[in-house]
> 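Sharing a structure with you now.
Only heavy atoms go into these numbers, but all of them, side chains included; no hydrogens, no water, no symmetry mates.
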Amino acid sequence: MRKDDLAVGKAYALRASDAAPDDPFIQVTFIGPARSRQARVRYVGGELLGLEEWVPTRLLVCSWGERRAVLRDERRARELDSADDGLWDRVTEDAISEVMTASGEYGGFARRWSTDPASAQRFWERAGLEGSPLDDHPMNFQDRHGQWHLAFSTALKASQAFASAEPDMVDLYIRGWEERLRAEGFEPGGRHSHDLLREWAPRHALARSWTQRPLGQAAEDDGAHRNSPVLLT
């Protein structure tokens, strides 16, 4: 916690620096003062009952009354991470980031879609998807602060659908970066920009591939068109 959020006489949940994720919190009372990222506390129970000492403010996780909600959110986050095991790769993550940034709703993406509900729902609906992204995966959850935490697979689904629904927006964003990097690379000392252009090529190609109909779907549509009856007048 931040030292400015601590109140003298209030009970807090302390997590020992060597504690495992499921270890219980230690109840302490903040007795003040707090300075240089340290806070003076008094232990309320256990073997250290009555002991007063300085502890790092980062070890004070939450107020004592919030501890169960914090543990619940942490457990859900671990379950969400486990659900994404084997799905993640760097190029796909970067392509999702390109599409989400192109939408104007986000400034990027990193592994898990942690977001306010309003932005996520707008992105989802602009992608032409029904329902809510929160309901897309059984491990998606809303935390105690109202934030949504959504699986990598949900972010991938939404980004692919958005790129297909708004291909010009995605292509415009990518072309902007490509043109900028290409131009900067020809300037004195700008060789690094061409290196970035090559490094980012896979993510750009993948994001662009999402703006197009799958080849199988295109073939089905063309076949249906060819086989449709022709009305003669």
> Residues in ring pair (Phe, Tyr, Trp, His ring centres under 6.0 Å) with Phe123, at least two apart?
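Counting only residues at least two positions away or on another chain, Phe123 forms a ring pair (Phe, Tyr, Trp, His ring centres under 6.0 Å) with Trp113, Phe162.
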> Cut-off 3.5 Å, no hydrogens considered: what does the side-chain donor-acceptor table look like for residues 62-69, sequence neighbours left out?
| from | atom 1 | to | atom 2 | distance (Å) |
| --- | --- | --- | --- | --- |
| Ser63 | OG | Glu66 | OE1 | 3.2 |
| Arg67 | NH1 | Trp64 | O | 2.7 |

> Is there a side-chain contact between Asp73 and Arg144 (heavy atoms, below 4.5 Å)?
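Answer yes - side chains close enough.
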> Donor-acceptor pairs under 3.5 angstrom involving side-chain atoms of residues 93-105: please list them, not counting sequence neighbours.
| from | atom 1 | to | atom 2 | distance (Å) |
| --- | --- | --- | --- | --- |
| Glu93 | OE1 | Arg90 | NH1 | 2.3 |
| Glu93 | OE2 | Trp88 | NE1 | 3.0 |
| Glu93 | OE2 | Arg111 | N | 2.7 |
| Asp94 | OD2 | Arg203 | NH2 | 3.3 |
| Ser97 | OG | Phe109 | N | 3.2 |
| Glu98 | OE2 | Arg203 | NH1 | 3.3 |
| Thr101 | OG1 | Ser97 | O | 2.7 |
| Thr101 | OG1 | Gly108 | N | 3.4 |
| Ser103 | OG | Met100 | O | 2.5 |
| Ser103 | OG | Glu105 | N | 3.1 |
| Glu105 | OE1 | Arg122 | NE | 3.2 |
| Glu105 | OE1 | Arg122 | NH2 | 3.0 |
| Glu105 | OE2 | Arg122 | NE | 3.0 |

> Between the main-chain N or O of Arg78 and the side-chain N or O of Ser82, is there a donor-acceptor pair closer than 3.5 Å?
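Yes; at least one donor-acceptor contact below 3.5 Å.
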> Assess whether a salt bridge exists between Arg75 and Glu79, defined as any Lys/Arg side-chain N lying under 4.0 Å from an Asp/Glu carboxylate O.
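Looking at Arg75 and Glu79, the cut-off is met.
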> Using atom types as modelled and distance alone, determine if a side-chain donor or acceptor of Asp116 lies under 3.5 Å from a backbone N or O of Ser119.
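Yes; at least one donor-acceptor contact below 3.5 Å.
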> Go through the structure and list residues passing ring pair (Phe, Tyr, Trp, His ring centres under 6.0 Å) with His192, not counting sequence neighbours.
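In terms of ring pair (Phe, Tyr, Trp, His ring centres under 6.0 Å), with neighbours along the sequence ignored, His192 is linked to no residue.
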> Can you name the side-chain hydrogen bond (donor to acceptor under 3.5 Å, both in side chains) partners of Arg42, sequence neighbours left out?
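Checked Arg42 against side-chain hydrogen bond (donor to acceptor under 3.5 Å, both in side chains); matches are Glu52.
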> Stepwise, does the side chain to side chain contact (heavy atoms under 4.5 Å, CB included) test hold for Met1 with Thr57?
CA-CA 6 Å; Met1 299 187 66; Thr57 52; 5.7 Å; no
> Same hydrophobic cluster for Tyr106 and Trp210, using side-chain heavy-atom links shorter than 4.5 Å among ILVMFWY?
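In one cluster with Tyr106: Trp210, yes.
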> His149: which residues meet the ring pair (Phe, Tyr, Trp, His ring centres under 6.0 Å) condition with it, sequence neighbours left out?
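Ring pair (Phe, Tyr, Trp, His ring centres under 6.0 Å) check on His149 returns Phe141.
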> Where the side chain of Asp84 meets the backbone of Asp81, is there a donor-acceptor pair that is under 3.5 Å apart?
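No; judged by distance alone, with no hydrogens or angles, the pair does not exist.
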> Between Tyr43 and Thr29, is there a side-chain donor-acceptor contact under 3.5 Å, judged purely by atom types and distance?
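Judged by distance alone, the side chains do not pair up.
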